[in-house]
Amino acid sequence: MREVGPERFRSVMGHFATGVTVVTAQTADGPVGMTANAGTSLSLEPLLLLVAFDREARTLRAVQASGHFGVNILEAGQEDLARLFASKTDEREKFSGVPHAMHDGIPVLDGALAWIGCRLERLIPAGDHTIGIGAVESAEAGQGEPLLWFRGDYSA
Ligand SMILES: Cc1cc2nc3c(=O)[nH]c(=O)nc-3n(C[C@H](O)[C@H](O)[C@H](O)COP(=O)(O)O)c2cc1C
């Protein structure tokens, strides 16, 4: 058996194809967000979802401060947004020029395939990440095909 290190673990897990989301929150300086694929539905009774935040992610601090966050599931044509929100561009700049609307204090990207609005229920430290558990308060789906992430690259 080969020893498993972080790079091998990341590469092997990259075979698990996922959708791509932008997790958003509202701050006193405006909306912020980050690209994330480590999210999933967690419970139906009560309605819960989870997102694994890198402890260094600035969006984690914003989610913590606001107590609410949105999960925007990206549509196939939104790869540029995925790249933008995965960057370390000034966090207040990420949203400039990005069409969006506020829904109950949650930034929702125009053209997202679907979105879920959550109240932050719990944060659980786990290694170099923090698991954010959200109580689902709203959920809407639109039309289109999903943007996908597979073996370290985007596809549609
Ligand atoms: C496809 C993809 C998926 C990602 N998934 C996550 C994730 O689930 N959690 C996370 O904390 N960062 C994830 N990242 C990295 C963040 O998007 C990146 O660290 C970003 O710069 C964080 O932005 P912020 O510091 O403004 O919050 C992912 C990046 C990519 C390209």
Side-chain angles (χ1 to χ4, degrees), residues 4-43 48-100 102 105-136 139 144-156:
V4 184
E7 280 316 312
R8 183 165 166 73
F9 182 48
R10 187 204 292 263
S11 155
V12 170
M13 288 306 298
H15 292 73
F16 184 51
T18 67
V20 182
T21 75
V22 174
V23 176
T24 57
Q26 179 68 331
T27 75
D29 295 325
V32 299
M34 69 165 204
T35 300
N37 71 337
T40 187
S41 57
L42 177 63
S43 162
L48 299 173
L49 67 67
L50 71 78
V51 175
F53 294 92
D54 187 322
R55 284 204 319 237
E56 302 301 318
R58 299 165 298 184
T59 304
L60 171 59
R61 295 198 291 275
V63 167
Q64 211 167 355
S66 115
H68 286 83
F69 63 97
V71 177
N72 294 260
I73 299 172
L74 296 186
E75 203 271 337
Q78 294 182 309
E79 184 177 329
D80 287 353
L81 288 180
R83 292 184 187 280
L84 170 68
F85 282 98
S87 73
K88 287 295 177 190
T89 300
D90 185 312
E91 55 185 329
R92 290 156 302 183
E93 293 296 313
K94 281 190 184 177
F95 260 94
S96 65
V98 174
H100 66 281
M102 298 301 296
I106 286 162
V108 174
L109 300 173
D110 287 8
L113 183 57
W115 63 273
I116 302 102
C118 295
R119 175 177 48 75
L120 180 63
E121 174 122 336
R122 280 175 79 185
L123 288 173
I124 303 171
D128 56 11
H129 277 57
T130 296
I131 301 168
I133 297 181
V136 175
E145 300 295 321
L147 181 64
L148 300 177
W149 180 254
F150 176 59
R151 292 207 303 204
D153 211 351
Y154 297 101
S155 61

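Atom set for the values below is all heavy atoms of this structure, side chains included, hydrogens, waters and symmetry mates excluded. Counting convention: from 1, in listed order, for ligands and their atoms alike.
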Completion exercise
Among non-hydrogen protein atoms, atom 27 (O) of ligand 1 lies closest to Thr59 OG1, 2.6 Å

Practice task
Say whether Asn37, considering both its backbone and side-chain N or O atoms, lies within less than 3.5 Å of an N or O atom on ligand 1.
Solution key: yes

Practice task
Check whether any N or O atom of Ala86, backbone or side chain, sits under 3.5 Å from an N or O atom of ligand 1, and answer yes or no.
Solution key: yes

Exercise for the section: Please write down residue, atom name and distance for the protein heavy atom closest to atom 23 (O) of ligand 1. Expected result: Lys94 NZ, 3.2 Å

Handout entry: Close side-chain approach of Asp80 to Leu84, heavy-atom, < 4.5 Å
Key = no

Handout entry: Heavy-atom side-chain proximity of Pro107 to Met102 below 4.5 angstrom
Key = yes

Exercise for the section: Give the numbers and elements of all ligand 1 atoms closer than 4.0 Å to a heavy atom of Phe53. Expected result: 11 (O)

Completion exercise
protein heavy-atom neighbour closest to atom 31 (C) of ligand 1 works out as Tyr154 OH, 3.5 Å

Handout entry: Asp54, any N or O under 3.5 Å of ligand 1 N or O
Key = yes

Handout entry: 4.5 Å side-chain heavy-atom contact, Asp128 and Asp54
Key = no

Practice task
Find out whether Pro31 and Thr24 are in side-chain contact, i.e. whether some heavy atom of one side chain is under 4.5 Å from a heavy atom of the other.
Solution key: no

Practice task
Give the atoms of ligand 1, by number and element, whose distance to some non-hydrogen atom of Ala57 is under 4.0 Å.
Solution key: 25 (O), 27 (O)

Problem - Pair Leu123-Leu60, side-chain contact (heavy atoms from CB on, under 4.5 Å): steps then yes or no - result: CA-CA 10 Å; Leu123 288 173; Leu60 171 59; 4.0 Å; yes

Practice task
Check ligand 1 against Ala38 and write out every atom of the ligand that is under 4.0 Å from a heavy-atom position of the residue.
Solution key: 8 (O)

Handout entry: N/O donor-acceptor pair under 3.5 Å between His15 side chain and Ser11 backbone
Key = yes

Fill in the blank from the handout: Ranked by distance from atom 10 (C) of ligand 1, the top protein heavy atom is Met34 CE, 3.5 Å

Handout entry: Ala82 backbone acceptor or donor facing Thr35 side chain under 3.5 Å
Key = yes

Exercise for the section: Kindly confirm or rule out an N or O of Ala52 lying under 3.5 angstrom from an N or O of ligand 1. Expected result: yes

Problem - Within-cut-off N or O pair, Leu60 and ligand 1, under 3.5 Å - result: no

Exercise for the section: State, with a plain yes or no, whether a side-chain heavy atom of Leu74 is found less than 4.5 Å away from one of Val22. Expected result: yes

Practice task
Name the closest protein heavy atom to atom 1 (C) of ligand 1, giving the residue it belongs to and the distance to 0.1 Å.
Solution key: Trp149 CD2, 3.3 Å

Exercise for the section: Nearest heavy atom to atom 22 (C) of ligand 1 wins, so pick from Lys88, Arg61, Arg83, Glu56. Expected result: Lys88

Practice task
Would you mind finding which of Val20, Thr35, Val23 brings a heavy atom closest to atom 12 (N) of ligand 1?
Solution key: Thr35

Completion exercise
Heavy atoms of Met34 and Thr59 approach each other most closely as CB-OG1, 3.4 Å

Handout entry: Pairwise side-chain contact, Phe85 with Phe95, heavy-atom cut-off 4.5 Å (strictly under)
Key = yes

